[in-house]
S.K.: 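Encoded as structure tokens, here's the structure I'll be asking about.
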Amino acid sequence: MRRDIDWVFWGSLILLVAFGVAAVASAASPLPHYGRILSRQFKALGVGFLVFGLAWRWPYPVYQGQAKAIYAASLALLVLVLLVGASHKGHRSWIELFHVTLQPSELARVGFIIILADYLSRREKTISRPEVVGGAILLALPVLLLILKEPDVSSALTFVPIILAMLFCAGAKLEHLVGFLLWGAVAGGLVLADLFYEARYPGGEDASPALVFFLEAFHRVVAFLAFLALPFAAAVLWRRLAQFLGARLPLARALRWAAIAAFGFLCAVAAVHALKDYQRRRFLAYLSPHSHASGAAYHAQQSKIAVGSGGFVGKGFFSGTQSRLGFLPERHTDFIYAVIGEETGFVGSMGLLALYLLLIRRILAAAKAAPDRFGSLVCSGIAAMMGFEFLVNAGMCVGLNPVAGLPLPLVSYGGSSLLATFWALGIVANVYSRRLRMEF
Amino acid sequence: MKAADRIETLWSIIGLGAAIVAIKLFDLQVMEHAAYWGAAERNRVQVIYETAPRGRFFDRNGVLLASNRLSFALVYFPREKAAETELASLSRALARELRVKPGDILDKLKEAQKEATTIRLAEDIPLREMFRLSELKVRYPGLYLVHEAQRDYPDGSLAGHLLGYLGKMEPKAWRQFKRLGYRIDSRVGRFGLEKVFEDVLRGQDGGIDLEVDARGRLQRILGRREGAPGNDVYLTIDAAVERAASEGLAATPTRRGAAVAIDPGTGALLALVSAPEFDPGDFLAKEAAPGKVSEFDRAISGTYPPGSTFKIVVGAAGLNENKFNTTDKVLCKGSFELGDKIFLCWKHTGHGLISWFRAVAQSCDVYFYEMGLRTGADIIEDYERRFGFGSKTGVSLPGEAAGKLAGPDVSPRGRGRWRQGDTVNLSIGQGGLLATPLQLADMVAAVSRRGERWRPYYTDRIVYAGELGTYRQKPHRLGTIELKPQVWADLETALALVVSSGTALAAAVPGLDVRGKTGTAQNPHGRDHAWFVGYASRPGKPARIAVAVLVENGGHGGSVAAPIAREMFKAAFRAPAKSS
């Protein structure tokens, strides 16, 4: 028995894959191309295990040396998909090559984790500076913009927790991360407010005048100028407050926060204009689920019904009525967790959740035991990626967050996601195995 | 913070997220499971309902008043890949049986096949056609016969107003009914006892459960769900008495009127007829909008001047208050003068010198003009109230009228105030006094039992399915009209004379003691209304039936109303029909 193998990690990985195969086999069985779906999934699994084995034996420091090449390759793939990619439901996210369909954004995500880990590991001394944090974001920007161009917002969104987690684990100052979060909160909050306003007052009339002005003002330069004035107002207030308290509250910090908020506002304006109709509908469905009986809200509601009707032990594999009779959308891909909830009940869905937590725990164990910063950061990034993808997907299926087109890693049907995940987990296995070599 | 601590913090954040998901899972799958299970079932199960038999109505002797008849609907369940030729041959066979064009049927079948939905090919199929269709069923899988109970009223219009009718729900009521599990095409009691007993009579519909997919296409038949019939209601009505009254009224010249029969010992209604009666079956047609049907129940909602039947009350008042006695004589010359007004007796030649018993028997008006004046309107008005005039009897039927009192107390002051002439009119039941046939039956029932008053009711028992057992309605004693025993005796003797030698000879039944009083009420709507109120008993026994019969514009009570009462008495004392 090899001592460089983390048996818990391997065990939970294999159980997850087995769970996934069973769930996909059950969910896809009423579909017309059932045989093809199964064979493709098994082929992808075969290739996935091959990739996993290769990555496991491949010394991970090599990635660090080739970080620039990986970056270039990622960008090239993302540009390529925009040029020659196949379009499906309005997304240009797939490259078709010899009957193999590849989703570059899945691979680019893992590639980006490697790149960011390389970038951060080289800046151990300067990590507390804000420009390093800014640099990390700038590094992500081209990748994100290319993915948003497809457009695949859900996929792009997964980069945010990865960047945050990796910066955090690399030792970035909390203040910088909070600033980043503030920016995100302002940008995201305003977009949500705009959508909420649209949901509440579809015609745009009958709203309170202040709200109308504020939200209509998105389109006006004058509103932007007003927002620029905010930092000054904040600064004045801040000084008064400091005098009043007699405390040392540096003005520069107040200005920084205000500037971050203003930048967030700008981004929100851009986002509101860039949002596609279907994305608006998804958010609207989430904000007011009962007003949109069909469409996105219908899917979210049917998913909850599927999960809830499963009960404690579920209806049994191949027996979920919600999935088999087509009430559940995207049952073998994005909504596979709802199928698991329906067919295996609370026991099964909690079991899957426990397996994920076990796997992530072992990835983080590898991060802690990694021989160098690069390896540790790669593992942290992969843990954040797995964790976020699982939480968002499961949260969507149980109605905690809006519908997002994210697969459940290792479980959902889909080759690219499987390959990327196996690659990432192979790297983790390699990092873990190197720990032993270094110790002895 | 060291690197290891930061990794642990990242772990905590992921763990927190997982905990939230776990709590939500617990909420959905354990706490709210039942609701979501129900939602999933509603998603996938579609039911072809089979209307359950509604509870039946029986009379007191078990004679069926309202029942159900089995009818069939032909349903087609499309099967996967039924061949075109098979559909064509099926449509030809069906067209022959159902007498429609084969093309129409084929179109329907093809549509069902394409959409994978079930269709109803025919409804309310008679029994003999059903047998031929069930042969087809064997040859062509996919055909189904679902049976549905249709309301049936075996005696047509008998007790129509009492039983009421079924109909579709009003759009406004639908919301409420939906909560109780009714379907949009369910029929509910809309009038009469069908409405009063809706929740008792209603059965649990059965049906065939079908599994459908998200697009509503049939997947398979899950099974049959058993229905349960509603609960049977036994009424206090005696179908024989009801029929006698109904037929009697139908044979009168105007065919309009009402008849009420009460068991004076309990208040149980033996008959409640409003003529002309409607047939509740007419409302069952698919697109029901039967011609103009009067829902107006003359027996409980119609108010009429009581005419000479009121002389019972005037006599009771005067005798009981010692305003006159049975030996006092009055000279009837055919008319009565009060100041410059002249009031006529119905017998213009006059009754001559007349005392109590002959005056009641002959219904002499002049005698009662005189005795009414002696008694005084105040006292008469008091006795109106004692005998139940002016207030509802309390029978639990919607639309009961209270009638109208007459007397100085309820009259306006000043102009139009009560005058002596009004007292004269009141003495023979004319003027402002109005009463329903039910009130008069109630009044004469009280007389028959020496003042016992019972609240009229119609429910004998409700037989619930299963272990719930039987509910029996208890009679409700309202009180007693206190008169001196001698007064009751004088009233009884006088009312017996009315039948044996007076105006109501036509009410007499050999072998029974029949007592009563006729009335011929003038009214502003044409001919006089004919009244008879009375009661009957076996000789020496307490009265078993008290009736009030009204024929609108029928003329003389003695010749028009009394014979109807006679038939009702006969029916009541005939040996009860074998219960079916």
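In what follows, chains carry the letters A, B, and so on, assigned in the order in which the sequence lines appear, proteins first and then strands, with residues in each chain numbered from 1.
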S.K.: Between B/V212, B/I20, B/L25, which shows the greatest number of heavy-atom pairs under 4.5 Å with chain A?
M.R.: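 Heavy-atom pairs under 4.5 Å are most numerous for B/L25.
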S.K.: Name the member of B/G38, B/G17, B/A35 that forms the most heavy-atom pairs with chain A at distances under 4.5 Å.
M.R.: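 Top count of heavy-atom pairs under 4.5 Å with chain A: B/G17.
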S.K.: Answer with side chain, backbone, both or neither: which region of A/L353 has an atom nearer than 4.5 Å to a non-hydrogen atom of chain B?
M.R.: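 Only the side chain of A/L353 comes within 4.5 Å of chain B.
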S.K.: Given that the side chain runs from C-beta out, which part of A/R361 has a heavy atom under 4.5 Å from chain B: side chain, backbone, both or neither?
M.R.: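 A/R361 touches chain B through backbone and side-chain heavy atoms alike.
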S.K.: Does any N or O in the side chain of B/Q29 come within less than 3.5 Å of the main-chain N or O of A/G341, such that one atom is a donor and the other an acceptor?
M.R.: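 Such a contact is found between B/Q29 side chain and A/G341 backbone.
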S.K.: Evaluate the side-chain proximity of A/L391 to B/V21: yes if any heavy-atom separation is below 4.5 Å, no if none is.
M.R.: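 Yes - at least one pair of side-chain heavy atoms lies under 4.5 Å apart.
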S.K.: Most heavy-atom pairs under 4.5 angstrom with chain B, which of A/A394, A/G345, A/G311?
M.R.: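 Option with the top pair count is A/G311.
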S.K.: What's the spacing between A/S309 OG and B/E32 CD if we round to 0.5 Å?
M.R.: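 Atom-to-atom, A/S309:OG and B/E32:CD are 13.0 Å apart.
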S.K.: Does some side-chain heavy atom of B/N43 sit less than 4.5 Å from a side-chain heavy atom of A/T321?
M.R.: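 Sidechains of B/N43 and A/T321: no contact.
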S.K.: To the nearest 0.5 Å, what is the distance between CD on A/E342 and CH2 on B/W37?
M.R.: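 If I round to the nearest 0.5 Å, the distance is 9.0 Å.
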S.K.: What's the spacing between A/L167 CG and B/R6 CZ if we round to 0.5 Å?
M.R.: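 Interatomic distance, A/L167 CG to B/R6 CZ, rounded to 0.5 Å: 10.0 Å.
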S.K.: Side chain, backbone, both or neither: which part of B/V30 has a non-hydrogen atom closer than 4.5 Å to chain A?
M.R.: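 Looking at B/V30, just its side chain touches chain A.
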S.K.: For B/L10 and A/F168, work out which heavy atoms get closest and say how close.
M.R.: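 Residues B/L10 and A/F168, closest heavy atoms: N-CE2, 4.2 Å.
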S.K.: Which residue out of A/A165, A/S349, A/G314 racks up the most heavy-atom pairs below 4.5 Å with chain B?
M.R.: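 Between A/A165, A/S349, A/G314, the count favours A/S349.
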S.K.: Does CZ belonging to A/R129 count more than 12 external heavy atoms closer than 6.0 Å?
M.R.: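 Not more than 12 within 6.0 Å, no.
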S.K.: So A/P30 and B/D213, do their side chains get closer than 4.5 Å, heavy atoms only?
M.R.: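 Result no, sub-4.5 Å side-chain heavy-atom pair not found.
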S.K.: Is there side-chain contact between B/I14 and A/Y356, with heavy atoms separated by less than 4.5 Å?
M.R.: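 With C-beta onward as the side chain, the pair stays apart.
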S.K.: Does A/F327 offer a backbone N or O that forms a donor-acceptor pair with the side chain of B/R44 under 3.5 Å?
M.R.: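 It does not hold such a pair.
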S.K.: How close do A/Q322 and B/A40 get, heavy atom to heavy atom, and via which atoms?
M.R.: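 Nearest heavy atoms, A/Q322 then B/A40: OE1-CA, 3.9 Å.
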S.K.: If you take all heavy atoms of B/K24 and A/V398, which pair is closest and at what distance?
M.R.: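 That would be CE-O, 3.1 Å.
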S.K.: Could you tell me which of A/R373, A/R324, A/K315, A/K304 has the largest number of non-hydrogen atom pairs under 4.5 Å with chain B?
M.R.: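 Of the options given, most contacts go to A/K304.
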S.K.: Can you name the closest pair of heavy atoms from B/W11 and A/L364 and give their distance?
M.R.: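 Closest approach of B/W11 to A/L364: CB-CD1, 3.5 Å.
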S.K.: Considering residues, nucleotides and ligands other than B/Q204, do more than 12 of their heavy atoms fall under 6.0 Å from its CD?
M.R.: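 Result for CD/B/Q204: open.
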S.K.: Please give me the minimum heavy-atom distance between A/K368 and B/A4, naming the atom from each residue.
M.R.: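 In this case the closest contact between A/K368 and B/A4 is CE-CB, 4.2 Å.
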S.K.: Verify side chain to side chain contact (heavy atoms under 4.5 Å, CB included) between A/S376 and B/I7, making sure each step is shown before the conclusion.
M.R.: CA-CA 9 Å; A/S376 173; B/I7 288 171; 3.9 Å; yes
